[in-house]
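Okay, so here's the structure we're looking at.
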Protein chains: 6
Amino acid sequence: MPVIQINCNELTREKKRELVKRITEVSSEIMGLPESTITVLIREFPPEDVGVGGSLLCDRE
Amino acid sequence: MPVIQINCNELTREKKRELVKRITEVSSEIMGLPESTITVLIREFPPEDVGVGGSLLCDRE
Amino acid sequence: MPVIQINCNELTREKKRELVKRITEVSSEIMGLPESTITVLIREFPPEDVGVGGSLLCDRE
Amino acid sequence: MPVIQINCNELTREKKRELVKRITEVSSEIMGLPESTITVLIREFPPEDVGVGGSLLCDRE
Amino acid sequence: MPVIQINCNELTREKKRELVKRITEVSSEIMGLPESTITVLIREFPPEDVGVGGSLLCDRE
Amino acid sequence: MPVIQINCNELTREKKRELVKRITEVSSEIMGLPESTITVLIREFPPEDVGVGGSLLCDRE
């Protein structure tokens with residue numbers, strides 16, 4: 001069952017692969033659950049769709 | 001108020017239409033609420049953005 | 001992979017059981033995926049934590 | 001349709017009431033949609049369930 | 001920590017800028033927290049991916 | 001900005017502490033971002049609120 005939703009900036013496929021692998025390993029180990037039960041969903045946000053401290057990330061770059 | 005978020009693989013418009021119709025019907029019936037109060041949000045994930053058992057779905061195909 | 005998040009008012013265990021059963025059936029049929037791949041997460045909200053049209057549901061009852 | 005999910009620390013009912021009222025007003029005005037179409041969901045997190053910078057909020061207090 | 005997720009129809013960058021600014025101001029004021037601690041995530045949904053009352057928004061236009 | 005939402009079964013405070021620490025480390029390293037920018041939200045679900053393969057987890061125990 002664990003479902004891990006990662007809201008982040010845009011990533012390469014290679015980084016997604018590594019992120020899923022290692023976050024699943026860490027979660028499986030700490031929660032004591034088989035890796036097969038863990039789902040990871042990655043949602044990439046362009047800077048225009050993220051606000052931090054009241055302004056868009058794209059306006060900070 | 002019920003808000004149902006469906007995280008799934010890519011679907012045709014026809015399948016989305018049917019999914020919204022029938023999930024709204026089922027929810028309305030079981031929760032005893034009018035269909036007009038039920039919102040469904042569909043978020044499609046390409047295989048590259050989904051991890052199951054530690055690997056990306058796109059690497060499993 | 002499909003992960004369905006249901007944000008709703010408080011429900012009895014029996015209603016949750018029926019909701020999970022039938023939403024999984026409908027999703028499996030329409031998406032053409034085995035039921036075993038479908039996860040449903042139910043998040044109940046007390047009326048005090050839901051706003052519709054600018055006011056809390058608990059203030060409408 | 002707009003559904004606004006607020007993940008925050010624990011709030012009084014009065015603060016929730018004000019938050020829903022004013023966030024609905026702002027969203028309605030900017031999006032050009034009637035307030036009646038806007039749903040707000042508040043999810044309170046105890047400090048033990050929030051991590052910032054690698055540590056739990058409850059360990060920072 | 002407050003994380004505010006806005007699920008809405010497609011918006012211009014200017015509207016996103018204003019939405020983030022004013023929702024952050026309102027939340028900061030009511031929650032008594034610095035604006036720098038508030039993250040806003042905007043997820044735009046095309047009408048085809050939203051169901052209200054059992055039908056897709058794109059079928060209502 | 002990265003916001004990681006962990007939907008899982010009930011965990012001890014010690015396990016949450018370790019989960020936040022190590023998931024933040026992994027994410028920071030892979031995304032090339034400072035740990036201070038990473039927020040983790042933990043949402044625990046009792047077995048009664050989770051469905052897998054069409055039945056509630058509490059009915060499987």
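The chains referred to below are lettered A, B, ... by the order of the sequence lines, with proteins before strands, and numbering in each begins at 1.
Counting heavy-atom pairs under 4.5 Å between each of E/V52, E/T12, E/V26, E/T39 and chain D puts E/V26 at the top.
The CD1 atom of E/I4 sits 7.0 Å away from the CG atom of D/L19 when rounded to the nearest 0.5 Å. Atom CD1 of E/I23 sits about 11.5 Å away from atom CZ of D/R22, to the nearest 0.5 Å. One distance of note links CE of D/M1 with SG of E/C8; it measures 6.5 Å at 0.5 Å rounding.
With a 4.5 angstrom heavy-atom cutoff, E/L33 touches chain D only via side-chain atoms. With a 4.5 Å cut-off on non-hydrogen atoms, D/E29 touches chain E through its side chain but not through its backbone. Both the backbone and the side chain of E/I30 come within less than 4.5 Å of a heavy atom of chain D. At a 4.5 Å heavy-atom cutoff, the contact between D/L11 and chain E is made by side-chain atoms alone.
Contact annotation: the side chain of D/R43 never approaches that of E/V3 to less than 4.5 Å [non-hydrogen atoms, C-beta and beyond].
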